[in-house]
Amino acid sequence: MAKDGSGTHTSIKRAVDAVLTNRSTRTLIFVKNGIYEEKIHIPFSNISLIGESRDGVIVSWDDYSDKPGTNISTATSYTIWAAGDDLYMENMTVRNTAGNVGQAVAIRTTLEQTFQPPPLTPFGQPETTCTWKT
């Protein structure tokens with residue numbers, strides 16, 4: 001997938017949404033370099049998100065807890081929410097770019113098994129990975 005339209009999808013969210021729920025094999029989503037400003041929920045298991053390069057694939061969103069005019073909590077302020085088991089991520093930077101305005105999460109996980117996150121690159125305030133089961 002590529003933001004510039006040269007892949008099958010132009011956003012990571014659309015590529016994830018296209019995954020079949022009843023498959024038994026791992027799905028690989030290769031992400032070409034680009035800045036992807038999107039909030040992504042990954043409910044499916046056995047997904048691999050592989051970026052072209054760590055510094056070239058940037059996923060960012062700017063939600064934060066108690067954002068005016070919203071019902072956003074710390075748990076729902078994520079940039080990526082990994083809810084499906086056995087998620088693997090490599091060669092990408094995930095950021096919450098809300099800044100110093102409240103609690104904010106880059107990666108939220110509520111899965112039961114194995115999560116391999118990419119290294120988090122600090123951006124403004126400390127980035128956060130929250131792991132819990134709701």
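Small disclaimer: the values here were computed from a predicted structure and weren't measured.
Side-chain contact of Ser65 with Gln103: a donor-acceptor pair under 3.5 Å is absent, judged by distance alone.
In this view, Lys13 and Asp17 satisfy the side-chain hydrogen bond (donor to acceptor under 3.5 Å, both in side chains) rule, not counting sequence neighbours. For Asn33, the side-chain hydrogen bond (donor to acceptor under 3.5 Å, both in side chains) partners are Ser53, not counting sequence neighbours. By the side-chain hydrogen bond (donor to acceptor under 3.5 Å, both in side chains) test, Thr8 pairs with no residue at all, sequence neighbours left out. By the side-chain contact (heavy atoms from CB on, under 4.5 Å) test, Asp62 pairs with Lys67, Thr97, sequence neighbours left out. With sequence neighbours excluded, the residues satisfying side-chain contact (heavy atoms from CB on, under 4.5 Å) with Ser6 are Ala2, Asp4, Lys32.
Ile72 and Val101 are members of different hydrophobic clusters when ILVMFWY side chains are connected at heavy-atom separations under 4.5 Å.
Closest heavy-atom contact between Val105 and Ser77: N-OG, 3.1 Å. Nearest heavy atoms, Ile29 versus Met1: CG2-CG, 3.8 Å. Minimum interatomic distance between Val57 and Asn91 (heavy atoms only, all atoms of both residues): CB-O, 3.9 Å.
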Under 3.5 Å, which donor-acceptor pairs do the side chains of residues 39-49 form with other protein atoms, sequence neighbours left out?
from: Lys39; atom 1: NZ; to: Asp63; atom 2: OD2; distance (Å): 2.8
from: Lys39; atom 1: NZ; to: Thr76; atom 2: O; distance (Å): 2.7
from: Lys39; atom 1: NZ; to: Tyr78; atom 2: O; distance (Å): 3.1
from: Ser45; atom 1: OG; to: Asp85; atom 2: N; distance (Å): 3.1
from: Ser48; atom 1: OG; to: Arg26; atom 2: NH1; distance (Å): 3.0

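For the pairing with Val59, the side-chain contact (heavy atoms from CB on, under 4.5 Å) check across Ile80, Asn96, Val31, Ile107 returns one residue only, Ile80.
Residue pairs meeting the ring-ring contact (aromatic ring centres under 6.0 Å, His included) criterion with at least one partner in residues 48-75, sequence neighbours excluded, do not occur; the list is empty.
In this structure, Glu38 and Ile12 have side chains that are in contact, with non-hydrogen atoms separated by less than 4.5 Å.
Atom NZ of residue Lys3 and atom OG of residue Ser11 lie 10.0 Å apart, to the nearest 0.5 angstrom. One finds the CD1 atom of Ile50 at 9.5 Å from the CE atom of Met89 (value rounded to the nearest 0.5 Å). The line from OH of Tyr36 to CZ of Arg95 is 14.5 Å long, rounded to the nearest 0.5 Å.
The other members of the hydrophobic cluster of Ile58, by chain and number, are Ile35 (side-chain heavy atoms under 4.5 Å, ILVMFWY only).
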